[in-house]
Amino acid sequence: MGLQGYESSYYADSANEKKSYPRLQGDTEADICVIGGGFTGLSAALHLAEKGYSVVLLEAEKVGWGASGRNGGQVCQGHNMGHEELVKKVGRQAADALWQMSLESVDLVRELIERHQIDCDLKRGVLHVASKPDHASEMRETVAYKQRVLGYDAICYLEKAEVSEMLGNDCYHGGEYWTDAAHLHPLNYALGLATAADKAGVRIFEDSRVAHYQSGATSEVVTAEGRVRAKYLLLACNGYLGKLEPRIAGKIMPINNFIIATEPLDEATCRRINRDDVAVADSRFVINYFKLSGDNRLLWGGGENYSSRFPSDIPAFVRRYMLQYYPELSDVKIDYGWGGTLAITLNRMPYFDRVEDNLFVAQGYSGHGVALATLGGKLVAEAISGTAEKFDVFARVPTPGFPGGTLLRWPGLVAGMLYYSMRDRFF
Ligand SMILES: Cc1cc2nc3c(=O)[nH]c(=O)nc-3n(C[C@H](O)[C@H](O)[C@H](O)COP(=O)(O)OP(=O)(O)OC[C@H]3O[C@@H](n4cnc5c(N)ncnc54)[C@H](O)[C@@H]3O)c2cc1C
């Protein structure tokens, strides 16, 4: 029996015990009102409460209900934009700071899990594999760059034969192995953050969708049955932002991504397809990613869509990707299939900003949010408490809006996405 109020998924069915948080009813006040109870909002709320602020967190559904409770659970260093490109965009000093913060983000996830004793199947190692020979050459170069220029040695390049040995197939051309990266059960991590925030004094309200708000010196945030007056607001709605704040909606594009979970596999199969129990992601534009769960299911992520609806048969939609790589799993039962909505930006870097002096936003992690959203929340907390250096380094990365803004962004994006996914298939 899964957690009530969550999308049906393997994660909801294997979730730790959860406290039920009340619905907001009536009027209240806080220093900060956080809108959205995923990693961004929970981390911000926790860090703010630890600094002594009074915090109200409003979640439309349940904490961890969004992408944070449904994702692939990969926790990796680095950014989607390469370091050299970042240097061109923001200069060497800021690019180096962004790199360092990506390392800090993974350390932060580990530290929070340890400090708050969060039981979430945390394991070590992420392997990025090259789906094409030229991707392998690029990986070899970027690994050498990270080692030589960034002085980072928790990464190594693996030849095709080594990758085949680790993954029990012959599909990949090489790989970059992030030995200090990690993977986890994301919903249990989110629930653990919520418990920590609750204990630190955050007033969490579930089933409390923000209908609208009035910003200003003191903001007023309105739900169906209550109101919060607060000095600061954080928008942490990511792919589920909808029409709540049109000034930032055009910076992100919500896209849907899907995962299946097989029945538990026997130990021999697990070791054959994933010798070292790492999380794996390939280099296709619409990526395939997989890992083993705590109870030895293969969790396979693959396939996207860009509409407001999920495919009617998610297990069938995703299974065909899995079978391209592991045809021997054709007899294995698929016990779960689910989807989630994430937000991407045009440059694939997170979008952090101050929409007004006391109105913050952190969103658009582009598939890299387990670590960076956790860090994003912490950086917002630091910025509100007067130390904005790190937040500002992210905020200064130029984030172009999607052409066509909020209304017309779909047709162009969908055409672009389809073009790149076709390219994956044919070139
Ligand atoms: C299928 C899938 C696989 C992914 N895999 C990975 C991965 O392996 N590694 C990785 O790093 N990242 C991954 N991601 C991305 C990652 O999950 C996100 O970047 C991250 O969870 C973002 O956290 P968030 O708190 O910003 O947003 P969310 O977790 O989406 O939280 C936003 C919350 O805001 C709430 N909300 C929205 N509107 C309102 C409102 N009006 N009032 C109140 N509340 C509101 C929503 O209900 C939601 O709970 C994946 C995403 C998906 C969907």
Side-chain angles (χ1 to χ4, degrees), residues 5-7 9 11 24 33-45 56-80 102 105-106 109 126 181-184 186-187 189-190 193-194 205-213 221-224 228 234-245 249 252 254-260 279-281 287 289-291 299-304 310 314 318 337-345 350-352 361-377 380:
Y6 288 78
E7 165 102 352
S9 73
Y11 296 136
L24 177 71
C33 179
V34 174
I35 307 177
F39 299 140
T40 305
L42 291 167
S43 167
V56 163
L57 183 148
L58 300 175
E59 164 54 51
E61 307 282 343
K62 305 286 177 194
V63 290
W65 173 91
S68 298
R70 310 178 188 210
N71 62 66
Q74 305 208 3
V75 189
C76 200
Q77 294 85 355
H79 294 287
N80 290 333
S102 85
S105 69
V106 176
V109 171
V126 171
H183 56 104
L184 47 67
L187 180 56
Y189 172 53
L193 289 181
F205 296 94
E206 294 183 317
D207 303 309
S208 302
R209 177 175 299 280
V210 172
H212 56 90
Y213 56 81
V221 182
V222 181
T223 69
V228 182
L234 167 61
L235 294 166
C237 303
N238 205 41
Y240 296 91
L241 176 74
K243 295 185 175 147
L244 187 62
E245 179 45 271
I252 50 167
I255 64 174
N256 305 320
N257 192 270
F258 306 99
I259 303 183
I260 52 174
V280 183
I287 66 167
Y289 52 95
F290 60 95
K291 69 184 206 102
L299 305 189
W300 187 282
E304 286 178 350
F310 290 175
I314 294 174
V318 180
W338 68 93
T341 304
L342 60 143
I344 59 168
T345 59
Y351 170 59
F352 293 3
V361 57
Q363 62 179 15
Y365 305 96
S366 308
H368 202 142
V370 180
L372 289 178
T374 307
L375 180 74
V380 171

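Counting from 1, the numbers follow the sequence of the chain as shown. First listed ligand is number 1; within each ligand, the first listed atom is number 1. What you see is a predicted model; the values in this text were computed from it and never measured.
- Of the heavy atoms in Phe39, both backbone and side-chain atoms come closer than 4.0 Å to ligand 1.
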message: As a quick check of understanding, evaluate side-chain contact (heavy atoms from CB on, under 4.5 Å) for Trp338 and Ile259, giving each step before the final call.
response: CA-CA 6 Å; Trp338 68 93; Ile259 303 183; 3.6 Å; yes
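- The contact set between ligand 1 and Gly340, taken as ligand atoms under 4.0 Å from a residue heavy atom, comprises 53 (C).
- Using a 4.5 Å heavy-atom threshold, the side chains of Thr223 and Leu58 count as touching.
- Contacts between Ala236 and ligand 1 below 4.0 angstrom, taking non-hydrogen atoms only, involve the backbone exclusively.
- Heavy atoms of Asn71 found under 4.0 angstrom from ligand 1 belong to the backbone as well as the side chain.
- Counting heavy atoms closer than 4.0 Å to ligand 1, residue Leu241 contributes nothing at all.
- Close contacts of ligand 1 with Arg209, meaning ligand atoms under 4.0 Å from a residue heavy atom, involve 41 (N), 42 (N).
- Below 30°, between 30° and 60°, or above 60°: for Phe352 and Tyr365 the angle between ring planes is above 60°, a perpendicular geometry.
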- prompt: What's the verdict on salt bridge (charged side-chain N to carboxylate O under 4.0 Å, His left out) for Arg209 and Glu61, showing C-alpha distance, side-chain angles and the deciding distance?
  reply: CA-CA 7 Å; Arg209 177 175 299 280; Glu61 307 282 343; 3.1 Å; yes
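- Proximity of Glu59 to ligand 1 is established by a heavy-atom distance of less than 4.0 Å.
- Counting heavy atoms only, Ala60 comes closest to atom 43 (C) of ligand 1 of the residues Ser9, Ala281, Cys237, Ala60.
- Considering backbone and side-chain atoms together, Thr40 places an N or O closer than 3.5 Å to an N or O of ligand 1.
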